[in-house]
Structure formats: structure tokens, C-alpha cells
Amino acid sequence: MELGGSMRDFLHKCGGYAVIDGGFATELERLGVDLNDPLWSAKCLFTSPHLVRRVHLDYLDAGANIILTSSYQATIQGFEAKGFSKEEGEALLRKSVELAREARDIYYARCTKDSFDFIRDERYRNRPILIAASVGSYGAYLADGSEYTGDYGDAITVQTLKDFHRERVKILVDAGADLIAFETIPNKLDAQAYAELMEEEGIEIPAWFSFSCKDENNVASGESILECASIADSCRQVVAVGVNCTAPRFIHGLISSIKKATSKPILVYPNSGETYIAETNQWVKSSGEAEEDFVPYIGKWRYAGASIFGGCCRTTPKTIRGIAEAIYEKSHGKSI
């Protein structure tokens, strides 16, 4: 995927709208993996890569156009802390992209007439699929809950963050990802670091910036989504801007805010509606839409201006299938 209208071209090939996959760790845990680890789902890159590939395939079967690599919490520093060498850590980062590419190849190879019992349109079955290399924030590496607050302390600067992410991003690009997904960005500092890093390194594959938000107007740190989206808008390599790891009830307002800052395509992939308590590593029910309720809001979010939809924490292939059906039915006027 090349820069220069790349996301709009991709969306056009998809019929105007695209579907991102859903919760990765949620599915790995459902398959019996214990993810109580600083590396989180990235742990499976060396313990059970076959399950990583399986989850990718489950989301492709559900209708995803974009699958995210299992590298959200994968860093060279994190792998080294587990006893891996720098070279082994680099190889594991590359593996995250390779597993997603393998899943896409397997999926295309087995796309037969009966692959999609819920959609019968040939164009949909042969849809384009992108591999997005997931890059989590500095707070995700710390695994101390700061990814949910954006508070890294006064000692962390834009330069600190650029130096932290530099090698990781270059490895993911060289491994053959179609784009870089800078996800769950909790503050302006991370966004500024990513934008400067992309420019300094001359990264020539596209990226998206997706922010984690605490309400309809502010990212997790309390800073304005308008200001954060403006940073993304000014970055040449950024081809889409949006929000993830955010409660469904805030999405509509956030789309409206982001539209004021950019004309780039807007993506939304919220959580199920539950709240994560970092101190206890548990999800608790919160007021607002739960997973089974947010799919009906896709039409509303689409009308508000979003064009790329998916799910984040606690969402499943069932969620993504519902999103794909909703978008397909609306785009093509089909009843399914």
C-alpha cells in the first residue's frame, strides 16, 4: 500500500467502507491462553504462534478487511526483559507480520463458493485485505496502567518516545506490513513523537493514528481530541484518524470532533462497553452499550462521518460479522 490517496483508494475498492478486526487477547483467552504477562498477547508470538494465525483467520472469516498484527505490546525492550536477545526480539516483531500475512494467504487460498454463508456476493468474497502492524503506546510497554491515563511523568519527552519506538517501527515496516496502526494513543506526546518519527525515518508506507478517549471531547490524558487529531492531520504519512479502546457511548461525539480537525477518513473501533480496572486486571460492566448493542450504532456512526469500523477489547468475531453485515447491507442495498 503506497502513500497518496491510499486509504481512499482502498475504501473505494471495498465499496466505500471497510471493517477492522476485533479483540485479539479476548479470542486468545477464549482459546485457553493465560495472558497475565507484561507482553500480553505478544507472548503468543513465541508460545503459540498457531493460535495467533487462527485468530487472524477467524476475523477474516467474519468479514474483516484489515487485520492487526499481534504486536501491540511487542517491543524489543519487552522481549529483552523476558530473556530474549535483541536479535530474537527483532525476529519476533517480524513474526507478528509474517503470521498475519500467512493468514491472509491461507484465507485467499481457501476462499471457495461456500466460504461465506452469510454473504453471496462474489465481489465481497474477493475483497482486498490489508495487514496493519499494531504499535501500542509507551504506556502499553510499561504495563502499569499508564496507557489508560497518558501520564508518563515529567521525565518522558517526545525524544524519549521517538528513541523508544524507532527500531520497532522500522522492523515492522521492513517485515512487509501494508500500513502502521498507531493505536490506543492516550496523549498528545505520543502522537507528536509518532508524527516526527515517521518524518525523520522517511517511512513510506501509510499509517493511522487512533486515540483512546475518556469522553466525547478528550483523549485519555484529558487533552483535546481536536488538538490530537490536528497532529495526525498534519502528518503526511497518516491516511486515517480515529478512536479505539473507547466506550461506544462516546463514539458519535468523537467523530464529530475529529471531522473538525481533518478531512482524512475516520476510523472507529470501540471496546464492548465495559471498563478495564488496571489495578485488578479485570473488566467490569459499565453503563452504556454492551457488545451486543453497539453494532446497531454503525449506521449512525457512518452517517456522522466514519468510514472504517471494527472492535477493540472484549469484542469478538461475532461482533465483526455483525459490523460486516451491517455495512454490506447498507452499501449494496441487499437483504441478507
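Residue numbers start at 1 and run along the sequence shown. As the structure is a computational prediction, the values presented were derived from the model and not from experiment.
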Visitor: Answer yes or no: is there a donor N or O on one side and an acceptor on the other, between the side chain of Ser224 and the main chain of Glu227, under 3.5 Å?
Guide: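 The answer is yes, because a donor-acceptor pair under 3.5 Å joins these two groups.
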
Visitor: Which pair of non-hydrogen atoms, one from Ala229 and one from Ala261, has the smallest distance, and what is that distance?
Guide: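 Shortest heavy-atom contact: CB-CB, 3.8 Å.
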
Visitor: Among the clusters formed by ILVMFWY side chains lying less than 4.5 Å apart, do Val97 and Phe84 turn up in the same one?
Guide: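 In one cluster with Val97: Phe84, yes.
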
Visitor: Assess Arg302 against Phe309: is NZ or CZ under 6.0 Å from the centre of the six-membered ring, and within 45 degrees of the ring's axis?
Guide: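 Arg302 over Phe309 ring: no.
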
Visitor: Got a second to check how far Leu226's CG is from Ser256's OG, nearest 0.5 Å?
Guide: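 The distance works out to 11.5 Å.
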
Visitor: Run the side chain to side chain contact (heavy atoms under 4.5 Å, CB included) check on Cys44 and Val33 step by step: do they pass?
Guide: CA-CA 8 Å; Cys44 291; Val33 180; 3.6 Å; yes

Visitor: Go through the steps to decide whether Asp163 and Gln159 satisfy the test side chain to side chain contact (heavy atoms under 4.5 Å, CB included), and finish with yes or no.
Guide: CA-CA 6 Å; Asp163 292 342; Gln159 190 61 45; 3.0 Å; yes

Visitor: A side-chain contact here means heavy atoms from C-beta on lying under 4.5 Å apart; do Thr246 and Phe211 qualify?
Guide: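 Answer no - side chains too far apart.
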
Visitor: Return yes if some donor-acceptor pair links the side-chain N/O of Gln237 with the main-chain N/O of Met198 below 3.5 Å, else return no.
Guide: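 It does hold such a pair.
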
Visitor: Going by atom types alone, do Ser210 and Asn244 pair a side-chain donor with an acceptor below 3.5 Å?
Guide: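 Side-chain D/A pair, Ser210 to Asn244: present.
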
Visitor: Assess whether a salt bridge exists between Glu201 and Arg166, defined as any Lys/Arg side-chain N lying under 4.0 Å from an Asp/Glu carboxylate O.
Guide: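 Yes, Glu201 and Arg166 are salt-bridged.
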
Visitor: Nearest 0.5 Å, what's the CD1-OG distance between Ile258 and Ser263?
Guide: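 Output value for this atom pair is 13.0 Å.
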
Visitor: Say whether Ser134 and Glu183, considering side chains only, have a donor N or O and an acceptor N or O under 3.5 Å apart.
Guide: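 On atom types as modelled, these side chains qualify, holding a pair under 3.5 Å.
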
Visitor: I would like to know whether Leu31 and Val55 meet side chain to side chain contact (heavy atoms under 4.5 Å, CB included); could you show each step before the answer?
Guide: CA-CA 9 Å; Leu31 294 170; Val55 172; 3.9 Å; yes

Visitor: Here's a test for you: under ring-ring contact (aromatic ring centres under 6.0 Å, His included), which of Phe250, Tyr17, Phe294 qualifies with Trp301?
Guide: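 Of the listed options, the one satisfying the test is Phe294.
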
Visitor: Under a 4.0 Å N-O cut-off, is there an ion pair linking Arg249 with Asp215?
Guide: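 Between Asp215 and Arg249 there is no salt bridge, as every charged N stays at least 4.0 Å from the carboxylate O atoms.
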
Visitor: Do the non-hydrogen side-chain atoms of Val135 and Arg168 ever get within less than 4.5 Å of each other?
Guide: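 Of all side-chain heavy-atom pairs linking Arg168 with Val135, at least one is under 4.5 Å.
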
Visitor: Any heavy-atom pair between the side chains of Glu27 and Pro317 that's under 4.5 Å?
Guide: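 Yes; the side chains approach each other to less than 4.5 Å.
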
Visitor: Salt-bridge test for Glu90 and Lys170: reply yes if a basic N is under 4.0 Å from a carboxylate O, no otherwise.
Guide: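 Salt bridge flag = no for Lys170 with Glu90.
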
Visitor: Can Ile323 be reached from Tyr297 by stepping across I, L, V, M, F, W or Y side chains whose heavy atoms are under 4.5 Å apart?
Guide: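 Linked within one cluster.
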
Visitor: Which value, rounded to the nearest 0.5 Å, describes the distance between Lys95 atom NZ and Ser71 atom OG?
Guide: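 Rounded to the nearest 0.5 Å, the NZ-OG separation comes to 13.5 Å.
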
Visitor: Please check this pair: side chain of Arg127 against backbone of Ala64, looking for a donor-acceptor N/O pair closer than 3.5 Å.
Guide: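 Answer holds: yes.
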
Visitor: Do Leu99 and Ile171 sit in one hydrophobic cluster, given that two such residues count as connected whenever their side-chain heavy atoms are within less than 4.5 Å of each other, even indirectly?
Guide: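 Yes: a chain of side-chain contacts under 4.5 Å links Leu99 to Ile171.
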
Visitor: In the structure I gave you, are the side-chain heavy atoms of Leu179 and Trp208 within less than 4.5 Å of one another anywhere?
Guide: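 The answer is yes, as the side chains (C-beta and beyond) meet within the 4.5 Å cut-off.
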
Visitor: Would Asp190 and Leu161 count as a side chain to side chain contact (heavy atoms under 4.5 Å, CB included) here? Give the steps.
Guide: CA-CA 7 Å; Asp190 270 311; Leu161 296 177; 3.6 Å; yes

Visitor: Please tell me whether Val169 and Ile185 are part of a single hydrophobic cluster in this structure, the criterion being side-chain heavy atoms less than 4.5 Å apart.
Guide: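 Result: yes, single cluster for both.
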
Visitor: Any non-hydrogen side-chain atom of Lys82 less than 4.5 Å from a side-chain atom of Phe79?
Guide: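 A side-chain contact is absent here, since even the closest heavy-atom pair is not under 4.5 Å.
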
Visitor: Do you reckon Leu142 sits in the same ILVMFWY cluster as Ile76, going by side-chain contacts under 4.5 Å, direct or chained?
Guide: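 Per the 4.5 Å side-chain linkage, Leu142 and Ile76 are not co-clustered.
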
Visitor: Using a 4.5 Å cut-off on heavy atoms from C-beta on, say whether the side chain of Ser137 contacts that of Glu147.
Guide: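 Of all side-chain heavy-atom pairs linking Ser137 with Glu147, at least one is under 4.5 Å.
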
Visitor: To the nearest 0.5 angstrom, please state how far the OG atom of Ser230 sits from the NZ atom of Lys188.
Guide: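 That separation rounds to 9.0 Å.
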
Visitor: Quick one: do Lys214 and Glu223 satisfy salt bridge (Lys or Arg N to Asp or Glu O under 4.0 Å)? Show the steps, please.
Guide: CA-CA 10 Å; Lys214 63 188 294 184; Glu223 295 163 309; over 6 Å; no

Visitor: Is there a donor-acceptor pair closer than 3.5 Å between any side-chain N or O of Glu88 and the backbone N or O of Ser85?
Guide: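 Yes, because the side chain of Glu88 sits within donor-acceptor range (under 3.5 Å) of the backbone of Ser85.
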
Visitor: Aromatic rings Phe164 and Tyr141: how do their planes relate, parallel, tilted or perpendicular, breaks at 30° and 60°?
Guide: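 Tilted, since the angle between the ring planes falls between 30° and 60°.
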
Visitor: Could you grab the distance from atom CG of Leu45 to atom OG of Ser96, nearest 0.5 Å is fine?
Guide: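 Answer for the CG-OG pair, Leu45 versus Ser96, is 5.5 Å.
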
Visitor: Nearest heavy-atom pair of Ile66 and Ala132: which atoms, and what distance?
Guide: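 Looking at all heavy atoms of both residues, the shortest contact is CG2-CB, 3.9 Å.
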
Visitor: What closest approach, in Å, do Asp61 and Arg110 show between heavy atoms, and which atom pair accounts for it?
Guide: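 Minimum heavy-atom separation between Asp61 and Arg110: OD2-NH2, 2.6 Å.
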
Visitor: Is a donor from one side chain sitting under 3.5 angstrom from an acceptor on the other, for Thr262 and Asp233?
Guide: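 Thr262 vs Asp233: donor-acceptor pair found between side chains.
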
Visitor: Nearest heavy-atom pair of Cys313 and Asn271: which atoms, and what distance?
Guide: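 Smallest heavy-atom distance, with atoms named: N-OD1, 2.9 Å.
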
Visitor: Verify the ring-centre separation between Tyr138 and Tyr152: is it less than 6.0 angstrom?
Guide: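 Centroid separation for Tyr152 and Tyr138: below 6.0 Å.
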
Visitor: So, applying side-chain contact (heavy atoms from CB on, under 4.5 Å) with Tyr269, which one of Thr315, Ile251, Leu68, Asp21 is it?
Guide: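 Filter result, single survivor: Leu68.
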
Visitor: Should Glu325 and Arg321 be marked as a salt bridge (Lys or Arg N to Asp or Glu O under 4.0 Å) after you check the CA-CA gap, both sets of side-chain angles, and the distance that decides it?
Guide: CA-CA 6 Å; Glu325 288 180 345; Arg321 184 178 291 252; 5.2 Å; no

Visitor: Taking side chain as C-beta onward, heavy atoms only, is Val268 less than 4.5 Å from Ile308?
Guide: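 Heavy-atom side-chain distance check fails, nothing below 4.5 Å.
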
Visitor: Any side-chain to backbone donor/acceptor pair from Lys264 onto Val238? Under 3.5 Å, distance only.
Guide: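 Indeed, once roles are kept as given, a pair shorter than 3.5 Å links the two residues.
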
Visitor: Output yes when a side-chain donor or acceptor of Tyr59 lies under 3.5 Å from a complementary backbone atom of Gly23, and no otherwise.
Guide: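 Yes: the side chain of Tyr59 pairs with the backbone of Gly23.
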
Visitor: Any idea which heavy atoms bring Cys245 and Thr184 closest together, and the distance?
Guide: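 Closest pair (atom of Cys245, atom of Thr184, distance): CB-CG2, 3.7 Å.
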
Visitor: Measure the spacing between CZ of Phe209 and SG of Cys235 and express it to the nearest 0.5 Å.
Guide: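 So the CZ of Phe209 and the SG of Cys235 are separated by 5.0 Å.
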
Visitor: Of all the heavy-atom pairs spanning Glu216 and Leu254, show the shortest one and how long it is.
Guide: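 Nearest heavy atoms, Glu216 then Leu254: O-CD2, 3.2 Å.
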
Visitor: With side-chain hydrogen bond (donor to acceptor under 3.5 Å, both in side chains) as the rule and sequence neighbours excluded, what pairs involving residues 45-58 come up?
Guide: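 Matches after skipping sequence neighbours: Arg53-Glu102.
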
Visitor: Side chains of Arg8 and Pro265: does their closest heavy-atom pair fall under 4.5 Å?
Guide: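 Counting from C-beta outward, Arg8 and Pro265 do come under 4.5 Å.
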
Visitor: Just by modelled atom types, is the Gly150 backbone N or O under 3.5 Å from a matching donor or acceptor in the Ser221 side chain?
Guide: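 Pair absent, no side-chain N/O of Ser221 close to backbone of Gly150.
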
Visitor: Can you see whether Thr160 engages Thr157 through a side-chain donor-acceptor pair at a distance of less than 3.5 angstrom?
Guide: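 The answer is yes; a qualifying pair exists.
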
